[in-house]
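Everything below concerns the one structure shown next.
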Amino acid sequence: MAIERTLSIIKPDATRRNLTGKINAKFEDAGLRIVAQKRIHLSPAQAGQFYAVHKERPFYGELVEFMASEPVVVQVLEGENAIAKNREVMGATNPANADAGTIRKEFALSVGENSVHGSDAAETAKEEIAFFFSGLELVG
Ligand code: DAT
Ligand code: MG
């Protein structure tokens, strides 16, 4: 297994409920290290660009509106097998299908307002990290 980095976003439903610390504890307990982090408020254009891969999906408009509705915390997580490990800690997209103990099982409100984003593969992790962070901001 290799040391990887992945892009994580704590979504508006979670920042609104003051859950940043509880969610970060889940990452750290799983051995993931937060090597960059900032709180930002995305514009609709920025949220739309980030989720452009989902442009044709029926929920795209709702997703973009939600992601731009309130602040998010964007972060880079580092660790062994970080991309897959983060997806495990997050749980399934729909919280109804998420395993016990996962972030989405404990905190998500619905399939749309599901508290966290995590990159799904090495190539997307690289692109998504570069979307939000410069090299100087990544402090491992
Ligand atoms: P994930 O976030 O688990 O990688 P995804 O990439 O398939 O899931 O979808 C991106 C986001 O879009 C997801 O976190 C929430 C939203 N979404 C996905 N499916 C949805 C649906 N059926 N209805 C509403 N929003 C949905
Ligand atoms: Mg995804």
Side-chain angles (χ1 to χ4, degrees):
M1 278 193 293
I3 300 291
E4 293 175 338
R5 286 176 171 175
T6 191
L7 190 278
S8 167
I9 305 178
I10 302 179
K11 295 185 179 182
D13 67 281
T15 60
R16 187 194 333 131
R17 289 176 291 149
N18 210 21
L19 292 170
T20 299
K22 287 199 170 97
I23 290 173
N24 279 348
K26 294 270 194 198
F27 296 139
E28 293 182 344
D29 288 349
L32 293 165
R33 183 173 289 273
I34 301 164
V35 297
Q37 176 167 260
K38 58 191 172 190
R39 181 175 168 105
I40 58 176
H41 193 150
L42 290 169
S43 69
Q46 289 167 334
Q49 193 187 342
F50 179 75
Y51 274 118
V53 64
H54 294 306
K55 235 183 358 247
E56 307 305 328
R57 311 272 287 271
F59 54 80
Y60 178 69
E62 186 188 322
L63 173 63
V64 169
E65 188 184 348
F66 167 59
M67 291 301 288
S69 65
E70 288 187 69
V72 297
V73 174
V74 294
Q75 48 193 191
V76 178
L77 308 179
E78 182 182 87
E80 285 219 341
N81 217 12
I83 297 164
K85 187 177 284 179
N86 180 40
R87 299 287 311 188
E88 259 176 57
V89 176
M90 288 165 59
T93 306
N94 186 339
N97 304 326
D99 290 340
T102 61
I103 291 168
R104 283 167 165 171
K105 186 66 175 186
E106 288 191 17
F107 301 125
L109 300 176
S110 66
V111 64
E113 300 201 12
N114 61 2
S115 303
V116 280
H117 166 85
S119 307
D120 59 10
E123 190 53 35
T124 43
K126 202 174 159 196
E127 288 169 14
E128 290 179 359
I129 290 169
F131 186 86
F132 288 111
F133 293 98
S134 75
L136 281 174
E137 294 176 299
L138 303 171
V139 183

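The analysis underlying the following values was restricted to heavy atoms, covering all of them including side chains, and did not include hydrogens, waters or symmetry mates. We're numbering straight along the sequence, starting at 1. Counting starts at 1 for both ligands and their atoms, in listed order.
- A salt bridge does not link Glu106 to Lys22: none of the charged nitrogens lies less than 4.0 Å from a carboxylate oxygen.
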Under 3.5 Å, sequence neighbours excluded: what are the donor-acceptor pairs made by side chains of residues 57-64?
{"residue": "Arg57", "atom": "NH1", "partner": "His54", "partner atom": "ND1", "Å": "2.9"}
{"residue": "Tyr60", "atom": "OH", "partner": "Gly48", "partner atom": "O", "Å": "2.9"}

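- When heavy-atom distances to ligand 1 are checked against 4.0 Å, the residues falling inside are Lys11, His54, Arg57, Phe59, Leu63, Arg87, Thr93, Arg104, Val111, Gly112, Asn114, ordered by chain and number.
- Checking Glu78, Glu128, Glu127, Glu80 one by one against Arg5, the salt bridge (charged side-chain N to carboxylate O under 4.0 Å, His left out) holds for a single residue, Glu78.
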Pair up each side-chain donor or acceptor in residues 90-99 with any protein partner under 3.5 Å, not counting sequence neighbours, and list the distances.
{"residue": "Asn94", "atom": "OD1", "partner": "Ala96", "partner atom": "N", "Å": "3.0"}

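- For Leu109, the side-chain contact (heavy atoms from CB on, under 4.5 Å) partners at least two apart in sequence or on another chain are Asp13, Arg16, Arg17, Glu113.
- The cationic group of Lys11 does not satisfy the cation-pi geometry with Phe107, failing either the under 6.0 Å distance to the six-membered ring centre or the 45° limit from the ring axis.
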